[in-house]
Amino acid sequence: MNRLFGTNGVRGTINDSLTVELVSGLARATGTVLGPGRIAVGRDSRMGGEMYVSAVVSGLLSTGCDVIDLGLVPTPCLQFMVPRLGCSGGVMVTASHNPPEFNGVKVLGSDGIEVPRSAEEQIEKVYREGGHRIVSWDRIGRYWRHPTSVREYIDVIKRHVDVESVARAQLTVVVDGANSVGSLVTPLLLRELGCRVISMNCQLDGKFPGRLPEPLPENLTDLSRAVRSVGADLGIAHDGDADRATFVDSKGRVLWGDQSFAIIASRVLHRRPKSILVTPVSSGRLIEDVARAAGAVIEWTRVGSVDVSHRIVEVDATLGGEENGGVFYPPHQPVRDGAMTAALMLEIMAKEERPLESLVSELPQYYSTKAKVPVPADKKTAVLEVLLQLTADEERVTLDGVKVFYDEGWVLMRPSGTEPLWRCFAEARTQNEADMLCQRGIDLIRKAVDRL
Ligand code: MG
């Protein structure tokens, strides 16, 4: 049976694989598992947002949960409000960076973090077996709106940065809101930080007429052009639910996520002795370099933001991040937060009085290679056991597939979640070395398959 929950919640195509019935059933199951109590709900600008929020609200109320409706908000804003409003959980209607025809649901626990796998499994079980709670007529939940959460969220982000320094720098920033909820926060936040803000794609529109919601370089050509043509210091682009921020320098170059993460990490990790940095095993050498230079310890996790968030709390980490540009700043909250990430970057540029391209230029450069190795579906799991034997003498991390460290770089071998193959990802100081390490990984996987 296919699992409903993927890496970040349940996603599907609108009125197709993601039906109103599915969403209201999931809401009933969520209310049963997380309730009784209050549940906060929010949505991004996607098509079907009102329809699915209505289904979520109905489902939750029928289980006796009270519902606080925050309306249109970024996912990190809802996450921030859940504990603040004393909620037992939250439900965000979003499909994050997926194409426009998708929508979905992220389920949050009382701490605002997406619920762990175990809770997702419980929710799925209740959904499939129909064991949801139904309360009597006099115990149906209450419903009210909380329209001020964006204001509260912006105020708290400002408390985490040196507002005066940022204002003094008088930076010009182009914000690309992806026609979604980041538009409600980042332009306003930046103006209040004293920046001159030029906004684009900041009218909410679920058809995403400006660009696709994933902030990849190929989707940000208009932003790059705008930054150059107005002579801005910086461009900032969010994904559909604004938990991520991608940066463009004044020359119009789009930074890789690991570069912006490294720039922020190299400053934040120095603020505490014995800092802990939490990052998935897919993160590269750049992050390791930055952590080492700051005397910080790296806590590796499985790939996925939910694992990073929970680990941050467990080890009281200073910072978390992913190579896709997701930055988790625990003094604010232990989840990815696009607006917080933007504010941190502006603070660094302002305090050091340096353009972004200069901050990037001092980062070491690494090269990577990716490959797919077909593995018969029935052997996909068994390959791991053999790989563990084959790499037993190497320096490695085995949380999620096998990551082996060599002098010249590293190679990560992971089974695909959906296809009959293993993925191989290598990184080194030269392209040639990266290619060789990737080949070493491919050979190891093939050897493991042959032994089965
Ligand atoms: Mg997102």
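Values below: all heavy atoms of this structure, side chains included; hydrogens, waters and symmetry mates excluded.
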Can Asp307 and Arg117 be counted as an ion pair, charged N to O under 4.0 angstrom?
no

Chi angles and distances behind the side-chain hydrogen bond (donor to acceptor under 3.5 Å, both in side chains) call for Glu299, Thr279
CA-CA 6 Å; Glu299 278 282 338; Thr279 196; over 6 Å; no

Can you tell me how far CG of Asn103 sits from CZ of Arg11, rounded to the nearest 0.5 angstrom?
9.5 Å

Backbone of Leu421 reached by a side-chain donor or acceptor of Ser416 within 3.5 Å:
no

Residue pair Ser309 / Val335, side-chain heavy-atom distance below 4.5 Å
yes

Should the pair Glu394-Arg396 be classified as a salt bridge under the 4.0 Å nitrogen-to-oxygen rule?
no

Any idea which heavy atoms bring Ile14 and Pro100 closest together, and the distance?
CD1-O, 3.9 Å

Is the count of non-hydrogen atoms from other residues, nucleotides or ligands lying under 6.0 Å from Gln170 atom CD greater than 12?
no

So that I can tick it off, tell me whether Glu419 and Lys380 are bridged by a salt bridge, with the cut-off set at under 4.0 angstrom between side-chain N and carboxylate O.
no

Could you please spell out the steps behind the side-chain contact (heavy atoms from CB on, under 4.5 Å) verdict for Tyr366 and Arg429?
CA-CA 5 Å; Tyr366 289 101; Arg429 273 181 291 260; 3.6 Å; yes

For the atom pair CG (Asn219) and OG1 (Thr246), what is the distance rounded to the nearest 0.5 Å?
10.0 Å

Does any non-hydrogen side-chain atom of Leu412 lie less than 4.5 Å from one of Val402?
no

Any side-chain heavy-atom pair from Leu184 and Val181 closer than 4.5 angstrom?
yes

Decide, yes or no, whether a salt bridge links Arg3 with Glu120 under the criterion of side-chain N to carboxylate O below 4.0 Å.
yes

Is the backbone N or O of Leu399 less than 3.5 Å from a side-chain atom of Arg302, with the two atoms forming a donor-acceptor pair by type?
yes

Under a 4.5 Å cut-off applied to non-hydrogen side-chain atoms, are Val197 and Thr172 in contact?
no

Please check: side-chain N/O of Asn98 versus main-chain N/O of Phe102, any donor-acceptor pairing under 3.5 Å?
no

Under a 3.5 Å cutoff, is there a donor and acceptor pairing between the side chains of Asp435 and Tyr367?
no

Decide yes or no for Trp256 and Leu286: does some side-chain heavy atom of the first lie under 4.5 Å from some side-chain heavy atom of the second?
no

What's the shortest heavy-atom distance between Ala291 and Ile298, and which atoms?
CB-CG1, 3.7 Å

Can you name the closest pair of heavy atoms from Cys424 and Cys438 and give their distance?
SG-O, 3.6 Å

Using atom types as modelled and distance alone, determine if a side-chain donor or acceptor of Thr19 lies under 3.5 Å from a backbone N or O of Asn15.
no

From Lys207 NZ over to Ser45 OG, what is the distance, rounded to the nearest 0.5 angstrom?
12.0 Å

Is any NZ, NE, NH1 or NH2 atom of the basic residue among Glu288 and Arg292 found under 4.0 Å from an Asp or Glu carboxylate oxygen of the other?
yes

Determine yes or no for a side-chain-to-main-chain donor-acceptor pair under 3.5 angstrom, with Ser275 supplying the side chain and Leu269 the backbone.
yes

Strictly below 4.0 Å, N to O, side chains only: are Arg440 and Glu408 in salt-bridge contact?
yes

State, with a plain yes or no, whether a side-chain heavy atom of Leu18 is found less than 4.5 Å away from one of Val23.
yes

Find out whether Arg244 and His238 are in side-chain contact, i.e. whether some heavy atom of one side chain is under 4.5 Å from a heavy atom of the other.
no

Heavy-atom closest contact (Cys202 atom, Asn179 atom, distance)
N-ND2, 4.5 Å

List the atom of Ser183, the atom of Asn201, and the distance in Å for their closest heavy-atom pair.
OG-O, 3.7 Å

Tyr329 vs His160 aromatic rings, parallel, tilted or perpendicular, using cut-offs 30° and 60°?
perpendicular

Let me know which of Glu433, Glu427, Gln431 forms a side-chain contact (heavy atoms from CB on, under 4.5 Å) with Thr369.
Gln431

Would you call Arg46-Asp205 a salt bridge at under 4.0 Å N-O?
no

Sequence neighbours excluded, the answer for salt bridge (Lys or Arg N to Asp or Glu O under 4.0 Å) partners of Lys403 is none

Quick one: ring pair (Phe, Tyr, Trp, His ring centres under 6.0 Å) partners of Trp422, sequence neighbours excluded?
none

Inter- and intrachain pairs under salt bridge (charged side-chain N to carboxylate O under 4.0 Å, His left out), touching residues 170-179, at least two apart:
Asp176-Arg211

Do Val315 and His310 have side-chain heavy atoms sitting under 4.5 Å apart?
no

Side-chain H-bond candidate by donor/acceptor type, Asp337 with His332, under 3.5 Å
yes

side-chain hydrogen bond (donor to acceptor under 3.5 Å, both in side chains) between Glu114 and Asn8, intermediate numbers included:
CA-CA 8 Å; Glu114 281 177 72; Asn8 290 103; 3.0 Å; yes

First locate atom CD of Glu323, then atom OG of Ser283, and finally report the distance between them rounded to the nearest 0.5 Å.
5.0 Å

Distance in Å, Arg38 CZ paired with Ile68 CD1, rounded so as to fall on 0.5 Å steps
5.0 Å

With a 4.0 Å cut-off on N to O distance, would you call Arg43 and Glu50 a salt bridge?
yes

Side-chain donor-acceptor pairs under 3.5 Å in residues 76-88, sequence neighbours left out?
{"unit_1": "Gln79", "atom_1": "NE2", "unit_2": "Gly112", "atom_2": "O", "d": "3.0"}
{"unit_1": "Ser88", "atom_1": "OG", "unit_2": "Pro36", "atom_2": "O", "d": "3.3"}

Name all residues meeting the salt bridge (Lys or Arg N to Asp or Glu O under 4.0 Å) criterion together with Arg151; count only those two or more places apart in sequence or in a different chain, and write none if there are none.
Asp155, Glu192

Does any N or O in the side chain of Asp239 come within less than 3.5 Å of the main-chain N or O of Ser96, such that one atom is a donor and the other an acceptor?
no

Interatomic distance, His97 atom NE2 to Ser180 atom OG [nearest 0.5 angstrom]
13.5 Å

I'd like to know if the side chain of Ser358 reaches the main chain of Arg354, judged simply by a donor and an acceptor atom lying under 3.5 Å from each other, with no hydrogens or angles considered.
no

Report the residues that fulfil salt bridge (Lys or Arg N to Asp or Glu O under 4.0 Å) with Glu218, sequence neighbours left out, ordered by chain and then residue number.
none

Do the charged groups of Lys251 and Glu357 touch, with an N to O distance under 4.0 Å?
yes

Between Trp410 and Phe425, is the ring centre distance below 6.0 Å?
yes

Regarding Arg196 and Asp233, does a basic nitrogen lie under 4.0 Å from an acidic carboxylate oxygen?
no

